[in-house]
Visitor: 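The following block contains the structure, expressed as structure tokens.
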Amino acid sequence: DGSVGRQALVTEPLAQALDAEPSTVVFACGPPEMLEAVRILCTARGVTAQLALEAGMACGFGACFGCVVPTSEGYVRLCVDGPVLDAERLEGDLPRGRAASAVGARSASPGATKAGAPPARSGAGPPSAGPVELCGVHLGGPVLNGSGTFDAIAARRAFGDALLERFPFHAFVSKTITLEPRQGNSPPRLWETPAGLINSIGLPNKGLAGFIASDLPELAELPVPLVVSLMGFSRDELAQLVTALGRRDEVAMIELNFSCPNVETGLVMGADPGESAAAVERVRPLTDKPLIVKLTPNASEPAAVARASEEAGADAVSLINTLKGMALAPDAGRPWLGGTTGGVSGPAVRAIALEQVHSVAGAVRIPVIGMGGIGSGRHAADLLAAGAAAVAVGTESFRDPAAGRRVAAELAELQRAGAEPPAAKSEPLTVESQPPAA
Ligand code: RRO
């Protein structure tokens, strides 16, 4: 690393060594980017080189064809034909390392991110963990909760006012409410899958009147802006909800949930661009509050739904809600969940969320709130890099009620690390600093 001897890229002394001794044979292993540089150097000079290559392997015995590299004889599998190959056989770029294949770039702004602008997806920079202006609403940071995954009223009963002092999110999104009270689906309502959770909750809530009478005053005491999530079984119902809550000072923004997978009509508005646009057009004139459309991943083209919502007057979109899934009761072969099917969330859906956030952010100019399997600051940073202006933590809060704070802290740490110059050169190891010999 240059702490002793020469500080340079390894290819510099390699080039000098080859100049001095052109008949040298090179054996190299290391990061793919370095091997690519060695390959180019050696090939240009006609020097024989053998490279120990790496690639992700699924099977390890030649069946999956996942670890191929391009050669003059076509693709070869590193697990059975490599991993050491003659450089001269190789063609084109070598497989890139995990770090090099990370998606796009991040907003480089150290201050408040203007979340109404088209998302930046090129150029490097640390993720922004700082304040966010989301549709004109000031948030202390970019981390929200996913609707229905954190009950702030129950949490305050459990943790007392300490919750308000250390609130886990920069804005709070309510559980979705409907016009009339609902009991929700019959149990069982939850099923754990590998790396995920299937829910069939079915929208239990107190209804509009109950929400305004008993929940809204308590939610208004939270130290962060309040987003109320609404769902109507028809455009008229949605209009009544928006009219009633769109005039409340306690409410900073309204989320229109067009994507609940667990009630019969839950996906009707969200799965079709025309239906989403018609619903947004209907409620847009009823309030000045920012309208966020919560998109479903179960649509054939979420970006088209997002665009239609934007054209109809939505101020932001949030995604992803859960993916439709199912579990069978062990040994019985019948659906386990009371609602028959459910919505899948958690780490299992993270890659889907990343792709959908990326494609939606590329299709709209309004801000995107990204969520789906966030469990760390790194995951949040990935969604911001994919084009999200803010993120939401969902299923992880069931496991760790303070997950939102942790994710925000980890995000800030990543930002600090990304903004800092590379670490100062370490002192060379001396004999005295080595552990004593056994
Ligand atoms: O209550 C639910 O079953 C539910 C809702 Br509203 C939603 O939007 N997403 C979800 O996975 N479950």
Side-chain angles (χ1 to χ4, degrees), residues 144-154 172-193 195-208 210-211 215 227-234 237-238 241 245 254-271 275-276 279 291-299 302 305 309 316-327 335-350 352-353 356 369-374 392-399:
L144 290 69
N145 64 297
S147 170
T149 59
F150 190 90
D151 184 336
I153 296 173
F172 179 72
V173 187
S174 77
K175 169 81 184 157
T176 300
I177 61 167
T178 51
L179 198 55
E180 302 300 333
R182 289 175 54 85
Q183 292 288 325
N185 289 343
S186 54
R189 290 179 170 182
L190 293 176
W191 175 267
E192 274 189 65
T193 59
L197 181 69
I198 311 181
N199 85 81
S200 170
I201 307 294
L203 261 168
N205 75 98
K206 295 176 180 148
L208 176 63
F211 177 80
D215 288 0
V227 184
V228 176
S229 170
L230 305 176
M231 182 187 146
F233 289 93
S234 66
E237 268 193 31
L238 194 64
L241 288 159
L245 288 158
I254 290 176
E255 183 170 84
L256 304 171
N257 186 352
F258 291 172
S259 44
C260 174
N262 293 332
V263 290
E264 220 169 293
T265 55
L267 295 175
V268 172
M269 282 182 194
E275 288 288 335
S276 296
L291 293 176
I292 305 166
V293 169
K294 177 86 172 261
L295 299 171
T296 175
N298 302 302
V305 179
S309 302
V317 289
S318 56
L319 71 155
I320 58 174
N321 205 322
T322 50
L323 277 141
K324 214 163 182 187
M326 187 175 180
W336 165 263
L337 294 157
T340 306
T341 61
V344 185
S345 63
V349 309
R350 194 183 308 132
I352 296 160
Q356 295 206 359
I369 303 166
M371 69 197 83
I374 293 181
V393 176
T395 305
E396 181 71 2
S397 294
F398 294 132
R399 211 179 59 77

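Atoms within each ligand, like the ligands themselves, are counted from 1 in listed order. Just so we're clear, the structure is a prediction, and the values are computed from it rather than from any experiment.
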Visitor: Please indicate whether any nitrogen or oxygen in G202 is less than 3.5 Å from any nitrogen or oxygen in ligand 1.
Guide: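 Yes, G202 has an N/O under 3.5 Å of an N/O on ligand 1.
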
Visitor: When you compare ligand 1 with G343, is there at least one nitrogen or oxygen pair between them that comes in under 3.5 angstrom?
Guide: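 No, since none of the N or O atoms of G343 sits under 3.5 Å from an N or O of ligand 1.
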
Visitor: Without swapping roles, check the side chain of W336 against the backbone of L190 for a donor-acceptor pair under 3.5 Å.
Guide: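 Side chain of W336 to backbone of L190, a donor-acceptor pair under 3.5 Å: yes, one is there.
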
Visitor: Pick one of side chain, backbone, both or neither for how N199 approaches ligand 1, counting any non-hydrogen atom pair under 4.0 Å.
Guide: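 The part of N199 near ligand 1 is the side chain, not the backbone.
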
Visitor: Donor-acceptor check, side chain of E237 to backbone of F233, threshold 3.5 angstrom: yes or no?
Guide: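 Yes: the side chain of E237 pairs with the backbone of F233.
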
Visitor: With I320, which of T296, N298, V349, L295 fulfils side-chain contact (heavy atoms from CB on, under 4.5 Å)?
Guide: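 Of the listed residues T296, N298, V349, L295, the side-chain contact (heavy atoms from CB on, under 4.5 Å) partner of I320 is V349.
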
Visitor: Check whether S259 reaches the backbone of K294 with its side chain - one donor and one acceptor, N or O, closer than 3.5 Å.
Guide: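 Pair found, side chain donor or acceptor close to backbone of K294.
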
Visitor: Does any N or O of ligand 1 fall below 3.5 Å from an N or O anywhere on T176, backbone included?
Guide: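 The answer is no, given that T176 and ligand 1 share no N or O pair closer than 3.5 Å.
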
Visitor: Between N205 and T178, is there a donor-acceptor pair closer than 3.5 Å when you use the side chain of the first and the backbone of the second?
Guide: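 Present.
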
Visitor: Taking salt bridge (charged side-chain N to carboxylate O under 4.0 Å, His left out) as the definition, give me every residue that meets it alongside K206, ordered by chain and number, with sequence neighbours left out.
Guide: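 Result, salt bridge (charged side-chain N to carboxylate O under 4.0 Å, His left out) vs K206: D215.
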
Visitor: Test of understanding: given a 4.0 Å heavy-atom threshold, classify the contact between T322 and ligand 1 as side chain, backbone, both, or neither.
Guide: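 Only the side chain of T322 comes within reach of ligand 1.
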
Visitor: Is there any N or O on C260 that sits under 3.5 Å from an N or O of ligand 1?
Guide: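 Min N/O separation from ligand 1 is not below 3.5 Å for C260.
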
Visitor: Regarding ligand 1, does N321 bring an N or O atom to under 3.5 Å of one of the ligand's N or O atoms?
Guide: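 For ligand 1, there is an N or O atom that lies under 3.5 Å from one belonging to N321.
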
Visitor: Looking at L203, which atoms of ligand 1 are within less than 4.0 Å of one of its heavy atoms?
Guide: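 Result: 1 (O), 2 (C), 3 (O), 6 (Br).
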
Visitor: Is it true that K175 lies under 4.0 Å from ligand 1, counting heavy atoms only?
Guide: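 The answer is yes, since K175 has a heavy atom less than 4.0 Å from ligand 1.
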
Visitor: Under a 3.5 Å distance rule, please check whether R182 uses its side chain to pair with a backbone N or O of P204 as donor and acceptor.
Guide: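 Side chain of R182 to backbone of P204: no pair is present.
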
